[in-house]
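Here is the structure we will look at, set down as structure tokens.
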Protein chains: 2
Amino acid sequence: MSQPSAPRKTPGRPARISREDIIETGRRIVTEEGVDRLTMRRLAKDIGSTPMALYHHVRDKEELLVLLLDDYATRTMHRPELPADPRERIVVAASAIHDVLAACPWIVEVLTADDLMSTSALWFVEQIVGGLMECGLNPERAVHAYRAIWYYTAGEIVVRTAAARRRAADERPTYREQVFAGLDPSEYPRLAQVADRWAPLTAEDTYVVQLRALVDGLLLTR
Amino acid sequence: MSQPSAPRKTPGRPARISREDIIETGRRIVTEEGVDRLTMRRLAKDIGSTPMALYHHVRDKEELLVLLLDDYATRTMHRPELPADPRERIVVAASAIHDVLAACPWIVEVLTADDLMSTSALWFVEQIVGGLMECGLNPERAVHAYRAIWYYTAGEIVVRTAAARRRAADERPTYREQVFAGLDPSEYPRLAQVADRWAPLTAEDTYVVQLRALVDGLLLTR
DNA sequence: GCTAGTTTTTATACATGTATAGAAACTTAG
DNA sequence: CTAAGTTTCTATACATGTATAAAAACTAGC
């Protein structure tokens with residue numbers, strides 16, 4: 001029998017940096033100077049290493065960003081008291097995920113990650129799926145319903161923060177504004193009717209209201 | 001009075017390439033060789049110009065991709081016969097947008113564009129907003145409801161195609177798979193219950209089903 | 001025709017992610 | 001100790017988007 005308690009060292013050159021070092025330094029750069037300043041060279045320099053050394057601990061920069069988001073979520077997502085009513089519990093849990101992610105500025109580069117759901121967010125997913133099943137959905141429908149909630153949430157965040165970024169970076173009127181300005185009322189009567197209110201209306205944050213509608217629709221017994 | 005019909009030339013060096021040239025050549029490269037092959041240098045070479053010359057006709061590469069998506073949508077989105085029932089019309093119009101975008105492989109790099117909605121897609125937006133109002137929503141609620149549909153649609157496409165790309169690029173098991181494999185059933189009973197079915201379930205295409213639920217929920221009179 | 005002004009194009013340069021090759025630093029077997 | 005094997009790190013190189021500065025090609029005013 002082998003002795004697993006022996007001070008067994010792994011062969012090979014000992015690592016001078018760890019994934020944790022990378023995440024920690026990366027977090028510092030991002031929080032202090034913004035995600036734009038996070039480059040592999042800068043990170044390597046701050047860590048006292050070389051750019052390519054990082055690649056032995058993370059697959060690429062996208063994985064690094066996912067890890068940083070994970071780290072951020074773990075530090076930020078504390079489990080709240082959830083309502084007893086399952087329908088309300090679904091809404092509150094989804095909103096909790098939404099709010100944490102929406103507050104994370106570098107989200108867009110990463111949110112396309114299907115498997116983003118970090119361990120810390122799993123508890124919320126559990127609550128949502130559990131709530132859906134408690135409301136009468138079978139497991140299959142509950143998973144599909146959860147996915148719909150996730151699609152809606154991710155889409156809201158991605159579209160909204162990308163739009164905000166674009167507004168900040170460019171003073172020119174958006175393409176959308178130009179299109180709406182030159183709208184032919186005879187061909188697009190409904191859009192022309194709301195054209196001047198479109199921008200303020202889409203700027204309003206109605207995430208929760210529409211989430212409620214989605215949940216209501218998902219729970220309809222048809 | 002000035003004579004606008006006179007052959008009035010603009011001052012300055014005459015352009016040798018046009019935005020249309022760029023879009024046309026870009027489309028050819030993308031369709032023939034894929035979006036990965038579309039680089040500013042390659043595009044310039046094919047067009048017989050230099051990379052930086054392109055930047056007088058498009059702001060940056062992202063705008064070029066938006067233009068290409070717009071071009072693609074214009075060529076692809078033909079107005080179908082829509083059902084008379086407004087609720088069904090909403091579903092069919094949204095599905096039409098979804099299907100066209102989902103079939104576009106380079107979508108993810110661009111779909112974060114809030115103002116992506118090209119002129120050719122506006123007709124579908126008109127149908128959706130019109131259908132919502134016909135179902136009794138006032139203009140404000142109709143716009144918000146349309147946005148919810150758009151968030152859901154964009155989120156579905158972004159998350160799904162990004163996941164597909166990641167699977168294609170990497171043979172390793174995803175992070176999500178690892179997390180689900182090591183799930184503690186006592187802490188996450190619902191997730192553990194569906195853990196082995198999660199991957200096939202999320203692979204199913206239930207866009208339309210969940211869209212119907214969303215529309216139903218948005219139209220509930222509460 | 002010449003000059004000034006305007007627009008487009010070109011040349012050059014830089015920052016960035018990352019592929020590749022090999023050197024360095026360790027463990028283990030003999 | 002030496003040799004082989006393994007892992008990590010370093011140096012170099014390349015592709016890419018794009019900033020900057022200057023040259024080129026035109027029109028309009030004189």
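The figures that follow rest on heavy atoms only: side chains count, while hydrogens, waters and symmetry mates do not. In what follows, chains are A, B, ... by sequence order, proteins preceding strands, each numbered from 1.
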Distance check needed: [N] [atom2] versus [X] [atom1], whole Å only.
X	N	atom1	atom2	result
A/Met52	D/dC14	CE	C1'	12 Å
B/Glu62	D/dT18	CD	P	9 Å
A/Leu64	C/dG17	CG	C1'	12 Å
A/Lys61	D/dA15	NZ	P	21 Å
A/His56	D/dT7	NE2	C1'	8 Å
B/Leu54	C/dT8	CG	C1'	12 Å
B/Arg59	D/dA19	CZ	P	11 Å

Legend entry - Exercise: identify the closest heavy-atom pair between B/Cys104 and B/Leu69: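 So the two residues come closest at SG-CD1, 3.6 Å.
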About how many Å separate [atom2] of [Y] and [atom1] of [X], when rounded to the nearest 0.5 Å?
X	Y	atom1	atom2	answer
A/Ile22	A/Ile17	CD1	CD1	4.5 Å
A/Leu64	A/Ile23	CG	CD1	7.5 Å
B/Asp36	B/Ile29	CG	CD1	12.5 Å

Inset, instruction - Identify, between A/Gly12 and A/His57, the residue whose nearest nucleotide on DNA chain D lies closer to the 5' end. - result: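 Per heavy-atom nearest nucleotide, the more 5' residue is A/Gly12.
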Inset, instruction - Sort and list the pairs that fulfil salt bridge (Lys or Arg N to Asp or Glu O under 4.0 Å) and have at least one residue in residues 43-52 of chain A, not counting sequence neighbours. - result: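 Applying salt bridge (Lys or Arg N to Asp or Glu O under 4.0 Å) to every pair that reaches into residues 43-52 of chain A, excluding sequence neighbours, yields A/Arg28-A/Asp46, A/Arg42-A/Asp46.
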Legend entry - Neighbour count >12 (heavy atoms, 6.0 Å) for atom CZ, B/Arg37: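 Incorrect, the count does not exceed 12.
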Legend entry - DNA chain D contacts made by residues 13-24 of chain B, counting heavy atoms under 4.0 Å: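 Correct list: B/Arg13, B/Pro14.
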Legend entry - Test log, rule salt bridge (Lys or Arg N to Asp or Glu O under 4.0 Å), inputs A/Arg19 and A/Glu63: CA-CA 11 Å; A/Arg19 187 179 263 229; A/Glu63 183 178 272; 3.2 Å; yes
Legend entry - Nucleic acid contacts of residues 35-51 of chain B, taken as heavy-atom distances under 4.0 Å to DNA chain C: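 Only B/Ser49, B/Thr50 qualify.
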Legend entry - Side chains of A/Met40 and A/Lys61 in contact at under 4.5 Å (non-hydrogen atoms):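 SC-SC contact between A/Met40 and A/Lys61 confirmed.
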Legend entry - Contacts of B/His98 that satisfy ring-ring contact (aromatic ring centres under 6.0 Å, His included) - sequence neighbours left out: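 B/His98 satisfies ring-ring contact (aromatic ring centres under 6.0 Å, His included) with B/Tyr207 only.
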Legend entry - is_close_aromatic(B/Tyr146, A/Trp198), centroid dist under 6.0 Å: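 Ring centres of A/Trp198 and B/Tyr146 closer than 6.0 Å.
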Inset, instruction - For the helix from C/dG1-D/dC30 to C/dG30-D/dC1, measure the angle between the helix axis at one end and the axis at the other, each built from five pairs, rounding to 10°. - result: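 For the helix from C/dG1-D/dC30 to C/dG30-D/dC1, the axes at either end differ by 20°.
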Legend entry - Non-neighbouring partners of B/Arg197 that pass salt bridge (charged side-chain N to carboxylate O under 4.0 Å, His left out), sequence neighbours left out: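 Scan of B/Arg197 (salt bridge (charged side-chain N to carboxylate O under 4.0 Å, His left out), adjacent residues dropped) gives A/Glu140.
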